[in-house]
Amino acid sequence: MSEKNGSTHGGDGVGSGQVQKRKRIWPYLLIVAGVLMVIGGFFYDVLFAGIPYQDPTPAMEKSYALHSLIASVIRWSGVGAFLLGVAGAVLGAFRKGTHPRA
């Protein structure tokens, strides 16, 4: 046991307060990352897929389909990250209320 902070980490300076703070912040980071991914997916869609061509060649159709799919995956991954972050924040709020105060 370290004499500095009373932990068994060997005095590396990581206390339980810092660990708890990190546990509380990850849902909000996921929420922000999810929103940024959704916005990024829309930008990717506009910049690379764009509006479908009126009479595309087969190569243009393939390119549009590929870039549209990539944009969709980015957007839906962002939605998933956002929902995971919201679920984590809600569960964290409920868990916080169930811990006894020391």
Side-chain angles (χ1 to χ4, degrees):
M1 216 155 130
S2 174
E3 293 178 22
K4 288 182 182 178
N5 60 9
S7 70
T8 58
H9 296 295
D12 60 357
V14 178
S16 65
Q18 290 175 342
V19 172
Q20 288 296 326
K21 197 176 282 189
R22 276 189 236 135
K23 286 183 181 179
R24 282 183 265 156
I25 199 168
W26 75 263
Y28 303 107
L29 292 175
L30 271 176
I31 290 170
V32 170
V35 169
L36 291 175
M37 287 173 69
V38 169
I39 293 169
F42 280 118
F43 275 120
Y44 186 92
D45 199 8
V46 169
L47 292 174
F48 293 100
I51 299 171
Y53 298 102
Q54 196 168 15
D55 288 324
T57 64
M60 293 166 79
E61 262 182 14
K62 286 181 184 178
S63 175
Y64 176 79
L66 172 69
H67 290 294
S68 183
L69 176 67
I70 291 171
S72 179
V73 168
I74 293 170
R75 283 192 307 263
W76 283 109
S77 297
V79 169
F82 176 82
L83 292 176
L84 278 175
V86 168
V90 168
L91 287 175
F94 282 126
R95 292 177 116 192
K96 187 177 178 183
T98 59
H99 284 130
R101 301 282 177 191

Next item on the list: Please say whether more than 12 non-hydrogen atoms of neighbouring residues, nucleotides or ligands are located less than 6.0 Å from CD1 in Ile51.
Entry: no
Return the minimal non-hydrogen interatomic distance between [X] and [Y], and the atom names on each side.
{"X": "Ala71", "Y": "Gly41", "result": "CB-O, 3.6 Å"}
{"X": "Ala81", "Y": "Gly34", "result": "CB-CA, 3.9 Å"}
{"X": "Ala49", "Y": "Tyr64", "result": "O-CD1, 3.3 Å"}

Using the rule that two of Ile, Leu, Val, Met, Phe, Trp, Tyr join whenever any of their side-chain heavy atoms come within less than 4.5 Å, decide whether [X] and [Y] are in one cluster.
{"X": "Val79", "Y": "Val73", "value": "no"}
{"X": "Phe94", "Y": "Val86", "value": "yes"}
{"X": "Trp26", "Y": "Leu84", "value": "yes"}
{"X": "Ile39", "Y": "Ile31", "value": "yes"}

Check: Taking only residues two or more places apart in sequence, or in another chain, which ones meet Val32 in a side chain to side chain contact (heavy atoms under 4.5 Å, CB included)?
Finding: Leu36
Note to self: side-chain contact (heavy atoms from CB on, under 4.5 Å), that's the test. Do Phe82 and Val35 meet it? Break it down for me.
What the structure shows: CA-CA 7 Å; Phe82 176 82; Val35 169; 3.9 Å; yes
Check: Among pairs that include at least one residue of residues 67-92, which meet side-chain hydrogen bond (donor to acceptor under 3.5 Å, both in side chains), considering only residues two or more places apart or in two chains?
Finding: Tyr44-His67, Asp45-Arg75
